[in-house]
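What follows is one structure encoded as C-alpha coordinates, with my remarks underneath.
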Amino acid sequence: MTATTFQEQIAGLDAVALARRLIGASLIVRGAGGTIIETEAYAPDDPASHSFNGPTRRNAAMFGPSGHAYVYRCYGIHLCLNVVGQPGEAVLIRALAPQVGLDLMQSRRGTAPLCSGPGRLAEALGLRADDNGLSFAGPDLAITLALAQPDLSVGTRIGISKAQELPWRFGLAGAKGLSRPFA
DNA sequence: ATACTGATGGGCT
DNA sequence: GCCCATCAGTATG
(Lines give C-alpha, C1' and ligand atoms only; values in the text may rest on other atoms or scores of the structure.)
Protein backbone atom coordinates (compact mmCIF):
# COMPACT_ATOMS: atom_id res chain seq x y z
CA MET A 1 0.00 0.00 0.00
CA THR A 2 1.30 3.39 -0.96
CA ALA A 3 1.14 6.48 1.17
CA THR A 4 -1.25 9.06 -0.21
CA THR A 5 -0.93 12.77 0.37
CA PHE A 6 -3.67 14.96 1.78
CA GLN A 7 -3.92 16.59 -1.62
CA GLU A 8 -4.57 13.20 -3.25
CA GLN A 9 -7.10 12.22 -0.61
CA ILE A 10 -9.31 15.23 -1.26
CA ALA A 11 -8.86 15.32 -5.05
CA GLY A 12 -12.13 15.89 -6.89
CA LEU A 13 -14.22 16.75 -3.83
CA ASP A 14 -16.45 19.79 -4.17
CA ALA A 15 -16.70 22.27 -1.30
CA VAL A 16 -19.65 20.58 0.39
CA ALA A 17 -18.10 17.12 0.15
CA LEU A 18 -14.81 18.49 1.47
CA ALA A 19 -16.53 20.30 4.34
CA ARG A 20 -18.18 17.01 5.34
CA ARG A 21 -14.99 15.01 4.96
CA LEU A 22 -12.99 17.36 7.16
CA ILE A 23 -15.22 16.79 10.19
CA GLY A 24 -13.32 14.44 12.51
CA ALA A 25 -9.98 15.16 10.83
CA SER A 26 -6.94 16.19 12.86
CA LEU A 27 -5.55 19.69 12.26
CA ILE A 28 -2.15 20.59 13.68
CA VAL A 29 -0.44 23.95 13.21
CA ARG A 30 3.17 24.01 14.44
CA GLY A 31 2.50 21.75 17.40
CA ALA A 32 -0.98 22.94 18.38
CA GLY A 33 -4.37 21.70 17.25
CA GLY A 34 -7.00 19.01 17.60
CA THR A 35 -10.01 17.44 15.90
CA ILE A 36 -12.06 19.51 13.46
CA ILE A 37 -15.66 19.62 14.72
CA GLU A 38 -17.22 22.41 12.63
CA THR A 39 -16.83 23.54 9.01
CA GLU A 40 -18.57 25.63 6.36
CA ALA A 41 -18.48 25.25 2.56
CA TYR A 42 -17.99 28.18 0.16
CA ALA A 43 -18.36 27.84 -3.61
CA PRO A 44 -17.62 30.09 -6.62
CA ASP A 45 -21.26 30.62 -7.61
CA ASP A 46 -22.14 31.36 -3.99
CA PRO A 47 -22.79 35.05 -3.22
CA ALA A 48 -21.44 34.59 0.31
CA SER A 49 -18.07 33.37 -0.97
CA HIS A 50 -15.03 35.59 -1.28
CA SER A 51 -14.50 34.00 -4.70
CA PHE A 52 -17.92 35.09 -6.02
CA ASN A 53 -16.55 37.99 -8.06
CA GLY A 54 -13.53 36.11 -9.39
CA PRO A 55 -9.86 36.17 -8.39
CA THR A 56 -8.47 39.18 -6.53
CA ARG A 57 -5.33 39.74 -4.52
CA ARG A 58 -7.04 38.74 -1.27
CA ASN A 59 -8.69 35.55 -2.50
CA ALA A 60 -5.89 34.37 -4.82
CA ALA A 61 -5.21 31.30 -2.67
CA MET A 62 -8.81 30.12 -3.26
CA PHE A 63 -7.86 29.70 -6.91
CA GLY A 64 -4.50 28.12 -6.08
CA PRO A 65 -3.65 24.47 -5.38
CA SER A 66 -6.17 22.22 -3.68
CA GLY A 67 -5.18 21.17 -0.18
CA HIS A 68 -3.53 24.48 0.62
CA ALA A 69 -4.60 27.17 3.09
CA TYR A 70 -6.61 30.30 2.42
CA VAL A 71 -6.03 32.64 5.37
CA TYR A 72 -7.69 36.05 5.43
CA ARG A 73 -8.18 38.88 7.90
CA CYS A 74 -11.70 39.31 9.14
CA TYR A 75 -13.20 42.50 10.60
CA GLY A 76 -9.70 43.95 10.71
CA ILE A 77 -8.86 41.94 13.80
CA HIS A 78 -9.09 38.20 13.40
CA LEU A 79 -7.66 35.68 10.97
CA CYS A 80 -9.77 32.86 9.56
CA LEU A 81 -8.49 29.56 8.17
CA ASN A 82 -9.85 27.74 5.11
CA VAL A 83 -8.92 24.57 3.22
CA VAL A 84 -8.90 25.17 -0.54
CA GLY A 85 -10.71 22.59 -2.67
CA GLN A 86 -11.68 22.95 -6.33
CA PRO A 87 -10.77 26.29 -7.95
CA GLY A 88 -12.66 29.08 -6.20
CA GLU A 89 -13.93 26.71 -3.49
CA ALA A 90 -12.89 26.56 0.15
CA VAL A 91 -13.96 25.24 3.53
CA LEU A 92 -13.86 27.50 6.59
CA ILE A 93 -12.66 25.75 9.74
CA ARG A 94 -14.93 27.08 12.50
CA ALA A 95 -14.10 24.95 15.54
CA LEU A 96 -11.73 22.31 16.91
CA ALA A 97 -11.76 20.02 19.89
CA PRO A 98 -8.37 21.09 21.33
CA GLN A 99 -6.00 18.18 21.92
CA VAL A 100 -2.39 19.01 21.09
CA GLY A 101 -0.34 21.90 22.52
CA LEU A 102 -2.93 22.87 25.09
CA ASP A 103 -0.49 25.01 27.10
CA LEU A 104 0.55 26.88 23.97
CA MET A 105 -3.04 27.56 22.95
CA GLN A 106 -3.99 28.53 26.48
CA SER A 107 -1.17 31.07 26.64
CA ARG A 108 -2.14 32.55 23.27
CA ARG A 109 -5.83 32.80 24.09
CA GLY A 110 -5.69 33.60 27.78
CA THR A 111 -9.21 32.36 28.41
CA ALA A 112 -11.54 29.60 27.27
CA PRO A 113 -12.93 28.78 24.86
CA LEU A 114 -9.74 27.90 23.02
CA CYS A 115 -10.92 26.89 19.54
CA SER A 116 -14.68 27.52 19.31
CA GLY A 117 -15.10 29.96 16.43
CA PRO A 118 -12.89 30.80 13.45
CA GLY A 119 -11.19 33.81 15.03
CA ARG A 120 -10.50 32.08 18.34
CA LEU A 121 -9.21 28.98 16.59
CA ALA A 122 -6.82 31.05 14.47
CA GLU A 123 -5.51 32.81 17.55
CA ALA A 124 -5.08 29.57 19.52
CA LEU A 125 -3.20 27.96 16.64
CA GLY A 126 -0.87 30.92 16.30
CA LEU A 127 -1.89 31.39 12.68
CA ARG A 128 -0.22 34.20 10.76
CA ALA A 129 -1.27 36.15 7.69
CA ASP A 130 1.71 34.72 5.81
CA ASP A 131 0.41 31.20 6.33
CA ASN A 132 -1.90 32.02 3.42
CA GLY A 133 -1.18 29.60 0.58
CA LEU A 134 0.78 27.04 2.62
CA SER A 135 0.12 23.35 2.06
CA PHE A 136 -1.73 21.25 4.63
CA ALA A 137 0.73 18.45 3.88
CA GLY A 138 3.13 20.01 6.42
CA PRO A 139 5.55 20.83 7.91
CA ASP A 140 3.79 23.88 9.41
CA LEU A 141 0.16 22.99 8.62
CA ALA A 142 -0.99 19.37 8.72
CA ILE A 143 -4.38 17.69 8.28
CA THR A 144 -4.96 13.97 8.77
CA LEU A 145 -8.39 12.77 7.64
CA ALA A 146 -10.59 10.61 9.85
CA LEU A 147 -10.58 6.89 9.04
CA ALA A 148 -14.38 6.73 8.97
CA GLN A 149 -16.90 9.48 8.33
CA PRO A 150 -18.57 10.39 11.66
CA ASP A 151 -22.23 11.36 12.06
CA LEU A 152 -22.78 15.00 11.12
CA SER A 153 -25.03 17.84 12.16
CA VAL A 154 -26.11 20.11 9.29
CA GLY A 155 -27.24 23.72 9.38
CA THR A 156 -26.97 27.13 7.77
CA ARG A 157 -23.82 29.20 7.75
CA ILE A 158 -23.05 31.83 10.37
CA GLY A 159 -22.33 35.51 9.99
CA ILE A 160 -23.23 35.92 6.31
CA SER A 161 -25.82 38.21 4.74
CA LYS A 162 -26.27 36.40 1.40
CA ALA A 163 -27.31 32.82 0.59
CA GLN A 164 -28.24 32.37 4.24
CA GLU A 165 -30.56 29.47 3.45
CA LEU A 166 -27.92 27.05 2.11
CA PRO A 167 -27.34 24.10 4.50
CA TRP A 168 -23.57 24.29 4.19
CA ARG A 169 -22.49 24.29 7.83
CA PHE A 170 -21.43 20.93 9.24
CA GLY A 171 -20.60 19.73 12.73
CA LEU A 172 -19.52 16.59 14.51
CA ALA A 173 -22.80 15.24 15.90
CA GLY A 174 -23.02 15.80 19.66
CA ALA A 175 -19.68 17.60 19.88
CA LYS A 176 -18.92 20.04 22.66
CA GLY A 177 -17.21 23.29 21.73
CA LEU A 178 -19.19 24.21 18.61
CA SER A 179 -19.18 27.93 17.87
CA ARG A 180 -22.97 27.73 17.99
CA PRO A 181 -25.35 24.82 18.55
CA PHE A 182 -27.16 23.15 15.64
CA ALA A 183 -30.96 23.22 15.67
C1' DA B 1 -30.84 33.89 28.34
C1' DT B 2 -30.67 37.75 24.30
C1' DA B 3 -29.07 42.55 22.67
C1' DC B 4 -26.14 45.82 21.52
C1' DT B 5 -21.50 47.98 20.82
C1' DG B 6 -16.65 49.04 19.91
C1' DA B 7 -12.37 47.46 18.04
C1' DT B 8 -9.91 47.79 13.72
C1' DG B 9 -8.09 46.82 8.63
C1' DG B 10 -8.75 45.83 4.05
C1' DG B 11 -11.57 45.18 -0.03
C1' DC B 12 -14.71 46.92 -2.99
C1' DT B 13 -18.52 50.12 -5.52
C1' DG C 1 -17.73 55.40 2.44
C1' DC C 2 -19.68 51.11 3.41
C1' DC C 3 -19.53 46.22 4.16
C1' DC C 4 -18.00 42.58 6.32
C1' DA C 5 -17.24 34.21 6.71
C1' DT C 6 -15.70 37.94 14.52
C1' DC C 7 -15.15 38.49 19.35
C1' DA C 8 -15.23 40.39 24.12
C1' DG C 9 -17.49 43.25 27.05
C1' DT C 10 -21.54 45.33 28.97
C1' DA C 11 -26.30 45.83 29.83
C1' DT C 12 -30.63 44.05 30.68
C1' DG C 13 -34.74 40.09 31.29
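Below, read A as the first sequence line, B as the second, and so on, with proteins coming before strands; counting in each chain starts at 1. Remember, it's a predicted structure, so these values are computed and weren't measured experimentally.
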Could you state the atom-to-atom distance from CG of A:Leu114 to C1' of C:dT6 in whole Å?
17 Å
Nearest-nucleotide pick for A:Ser161, side chain only, options being C:dA5, C:dC4, C:dC7
C:dC4
Touch check for A:Arg157, heavy atoms < 4.0 angstrom, all strands: base, sugar-phosphate only, or nothing?
nothing
Euclidean distance, atom CZ of residue A:Arg169 to atom P of C:dT6 [Å, nearest integer]:
11 Å
Does A:Asp103 come within less than 4.0 Å of A:Arg108, counting only side-chain N to carboxylate O?
no
Can you find a side chain N or O atom of A:Thr56 that sits less than 4.0 Å from OP1 or OP2 on B:dC12?
yes
Looking at every heavy atom in both A:Pro44 and A:Pro87, which two are closest together, and how far apart are they?
CG-O, 3.6 Å
Looking only at the side chain of A:Pro118 (C-beta and beyond, no hydrogens), which of the listed nucleotides C:dC4, C:dC7, C:dA8 gets closest?
C:dC7
Touch class at under 4.0 angstrom, heavy-atom based, for A:Thr111 against every strand present:
nothing
Between A:Leu134 and A:His68, does the side-chain contact (heavy atoms from CB on, under 4.5 Å) criterion hold? Intermediate values first, please.
CA-CA 5 Å; A:Leu134 291 192; A:His68 288 231; 5.9 Å; no
Just call it for A:Arg94: base, sugar-phosphate, or nothing, with non-hydrogen atoms closer than 4.0 Å on any strand.
sugar-phosphate
If you take all heavy atoms of A:Gly177 and A:Ala95, which pair is closest and at what distance?
O-CB, 3.7 Å
Length of the line joining A:Arg120:CZ and C:dT6:C1', which is rounded to integer Å:
9 Å
Going by purine N1 to pyrimidine N3 plus the second Watson-Crick contact, or the G-U wobble pair, all under 3.5 Å, which nucleotide sits opposite C:dC7?
B:dG6
Could you check which residues of residues 69-84 of chain A get a heavy atom under 4.0 Å from DNA chain C? Sort them by number, please.
A:Tyr72, A:Cys74, A:Tyr75, A:His78, A:Asn82
Please find the pair of heavy atoms, one from A:His50 and one from A:Met62, that lie closest to each other, and give the distance.
CB-SD, 4.0 Å
Ring of A:Tyr42, cation from A:Arg157 - is the NZ or CZ under 6.0 Å from the centre and inside 45° of the axis?
yes
Contact class for A:Arg109 vs. all strands (heavy atom < 4.0 Å): base, sugar-phosphate, or nothing?
sugar-phosphate
